[in-house]
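Structure first, then comments.
Quantities reported herein were computed from a predicted structural model and do not represent experimental measurements. Quick note on labels: first sequence line is chain A, next is B, and so on, each numbered from 1.
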Amino acid sequence: MSLNYPHFAISYAVFKRTWLKTLRRPVALTFSLVQPLMWMLFFGFLFQRYALDDLPTGIQYLDFLVPGVCAMTVLFGASQSGIELIRDMQNQFLNRILSTPASKPMVMAGKISADVSRLIIQAVLVLLLGLALGAKLNTAIWPLAYMIASLLLFGVAFCSLSCWIALKARSQENMATFVHIINMPMLFTSTALVPSKQMPDWLATIAQYNPLSLVVNISRDAMLFAESPLFKTSLLPLVLIATLIFLLAALTLRSTKLD
Amino acid sequence: MTTTASASIVNLQKINKTYPKGIVALKHINLEIDQNEIIGIVGANGSGKSTLLKLLAGNLLPEQGSIKVFQSEVKNNSAQLKKKISYISQDRALDPEMTGKELLGYFSALYGLSHQTSKNRYTELVKTFELTEFIDRRVNSYSGGQAQRLHLAIGLIHQPKLLLLDEPTSALDPQGKAFFWDFIRSYQQLGNTVIIISHELDKIHHCCSRVLLLDKGKLIADESPDLIIQSHALPILHIKTAHKISNKQDLQQPLQQAIPSANIQLKGQSIQLEINKISDDDKPEVLASVLQICQEQHVAIVECRWENAGLENAYFKMTGQSISPPSGAKNNKKGQRKCR
């Protein structure tokens, strides 16, 4: 990479294009908010009556659920990130991008940053919906910042994973299989919906190593108990996962063969 | 920009390319192309034309051989090389959800153009390709010709020194085609090199300094269009008779005696004489002899015409197959002359 090359202009152009296309599909954007709302309404009020072990009194299931649904929104949205790359492959647009001298990691950075920024906005909207439904959460600046930081890192990791799968799969059908295989097991083996102490031992062990649990736990600790995450055990693993998967996706884009 | 002296910018040595399942696309291609040339690549479908162009663009890599463009190995796929080349594919690689203006801006950024350069190029391309009317509309509302013009404009945003075009006029109307070929000539006059695949052989003849003829992956000719025609194409005299020719032997024999250099074919109501070494001055005399022989054999003639030697004729002669698509056959009558 030469230093005088306008790398950020490249990322900004890709960022802008990704956002333009998102805004031109208002129906898809709206439906992506309907799904978390339904989860909150159905799960939130269904399990509202059950007591959650080890939680201080006064914390309701809806309070517990909202940070989990915010993380779920990012997971579900991020897993779709690669679909746009497949569309670009199918109409040969990706070939055109690859034949330019633009740095491919910067192209990937523009794409991922646009998708992650959208997912963060969606997660914040879900949080506001949760508050509107009666969830009692700590919405001070630091808890909110910790939640957003963890969601951002998780979003980078999963958008990158989705893009990597898309570059390898090259078809919407294969991509749909990935989405189904990843999303549901990821959600149900995490602490997004249920605390790990109420899980069977084997599931609790899986949940402990599930990156979604990591994000949910950071968000929940911040939003329910105003606790700061431990960098070494909470944020650092997310930083490493996000960096590694992003590099994998960016390098795969760079080595993608043109048709 | 000014026209610069010729220098070799493309160098291919012993190139072999095979696709999966053993499909041989190119065999042992050696080629050198100078700066400031317009090169036409012609050949039947599947002859390896697009593969050759993709190899030059660095989109494909050969199994064997070396490809140098602007003195750099294409396989290194360097950013500097990509700034000098533009490969404009057959498929219009456009995002249907974006406007033409957005797409031009997007690729300006990806090619690293400064804001001012990008603005200047945008204005120039919109004017040159007459995009003003629809540039602010989304591409999914464009006609085929409009999309093709935008496709070409995007390919020129970074002012490539080497332009690789794969059937760029396929979606253009006759006016658009005429404009395109004029543009190609003016682009070459600025000191650039153009390599173009096209089935418009009359245009290739008039615009290109050299023609590469490909047949089943082999480069069977690399000469000026005039030289190819001179060496391989023969004028043909087409005669249509009123009735089916029954006395073929009685007609063939005197015709062959009168014009020994002719390859004569009699079929149904058609007589075709492919004549070697004949000048325009000799044609009336040959025609008179043929008409007289037909009269003597009581063969009534409905129509007769000369088909001038052309690239298609030469290609047919060299490969035994036609290269024009069926729809383009009607357009290739410019070299024909009615003598009735």
Side-chain angles (χ1 to χ4, degrees), chain A residues 1-29 83-111 113-114 170 251-259, chain B residues 19-20 50-51 53-61 74-99 101-115 117-118 138-140 147 150-152 154-155 157-158 160 164 166:
Chain A
M1 282 190 226
S2 68
L3 287 171
N4 58 359
Y5 200 74
H7 293 299
F8 290 104
I10 293 165
S11 290
Y12 178 66
V14 179
F15 178 91
K16 199 171 139 189
R17 172 178 177 243
T18 311
W19 258 110
L20 268 177
K21 288 170 72 71
T22 301
L23 295 171
R24 283 172 188 172
R25 291 194 198 117
V27 176
L29 198 59
I83 287 176
E84 198 53 51
L85 278 180
I86 290 179
R87 286 203 191 101
D88 281 350
M89 274 186 228
Q90 287 172 340
N91 66 16
Q92 304 292 316
F93 197 76
L94 189 68
N95 275 355
R96 195 157 214 171
I97 294 170
L98 294 177
S99 66
T100 68
S103 151
K104 303 312 171 276
M106 294 313 278
V107 170
M108 188 56 87
K111 155 90 183 130
S113 55
R170 289 173 175 245
L251 295 176
T252 304
L253 180 66
R254 191 161 74 175
S255 61
T256 297
K257 291 276 171 275
L258 295 155
D259 290 331
Chain B
Y19 285 117
S50 296
T51 302
L53 225 54
K54 285 176 183 176
L55 286 168
L56 291 174
N59 292 8
L60 290 175
L61 292 176
V74 165
K75 66 181 175 193
N76 296 338
N77 214 9
S78 75
Q80 285 309 315
L81 202 53
K82 284 179 173 179
K83 280 184 182 180
K84 292 180 186 169
I85 300 177
S86 184
Y87 166 67
I88 300 179
S89 65
Q90 259 173 299
D91 307 301
R92 288 191 291 271
L94 301 169
D95 183 340
E97 290 176 90
M98 292 175 82
T99 68
K101 188 176 182 176
E102 286 162 355
L103 282 169
L104 283 167
Y106 182 74
F107 282 99
S108 293
L110 261 54
Y111 276 101
L113 305 187
S114 69
H115 181 69
T117 311
S118 167
R138 288 190 204 171
V139 171
N140 55 16
L150 177 66
H151 179 52
L152 292 168
I154 292 171
I157 192 84
H158 58 298
L164 306 168
D166 194 347

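For the pair Gln90(B)/Gln92(A), no side-chain contact is recorded, criterion being any heavy-atom separation below 4.5 Å from C-beta on. Looking at heavy atoms from C-beta onward, Leu110(B) lies in side-chain contact with Ile97(A) at the 4.5 angstrom threshold. Contact annotation: the side chain of Ser89(B) never approaches that of Asn95(A) to less than 4.5 Å [non-hydrogen atoms, C-beta and beyond]. Residues Leu103(B) and Arg17(A) fail the side-chain proximity criterion, which asks for heavy atoms closer than 4.5 Å.
Residue Lys16(A) qualifies as open at atom NZ: its count of foreign heavy atoms under 6.0 Å is 12 or below.
Both the backbone and the side chain of Asp95(B) come within contact range of chain A, each with at least one heavy atom under 4.5 Å from a heavy atom of that chain. Glu102(B) touches chain A through its side chain: at least one heavy atom from C-beta onward sits under 4.5 Å away, while N, CA, C and O do not. With a threshold of 4.5 angstrom between heavy atoms, Arg138(B) approaches chain A through side-chain atoms but not through N, CA, C or O. With a 4.5 Å cut-off on non-hydrogen atoms, Arg87(A) does not touch chain B at all.
Rounded to the nearest 0.5 angstrom, Tyr106(B) OH and Ile10(A) CD1 are separated by 10.0 Å. Note that CZ of Arg96(A) and CG of Asp91(B) are 10.5 Å apart. Values are rounded to the nearest 0.5 Å.
Side-chain atoms of Lys82(B) come within 3.5 Å of backbone N or O of Leu98(A) as a donor-acceptor pair.
Closest of all the heavy-atom pairs between Ala9(A) and Ala109(B) is O-CB, 3.9 Å. In terms of heavy atoms, Phe93(A) sits closest to Leu94(B) at CD1-C, 3.7 Å.
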(Q) Under the criterion side-chain contact (heavy atoms from CB on, under 4.5 Å), I'd like the reasoning laid out for Leu20(A) against Glu97(B): C-alpha separation, chi angles, the key distance, then a yes or no. (A) CA-CA 9 Å; Leu20(A) 268 177; Glu97(B) 290 176 90; over 6 Å; no
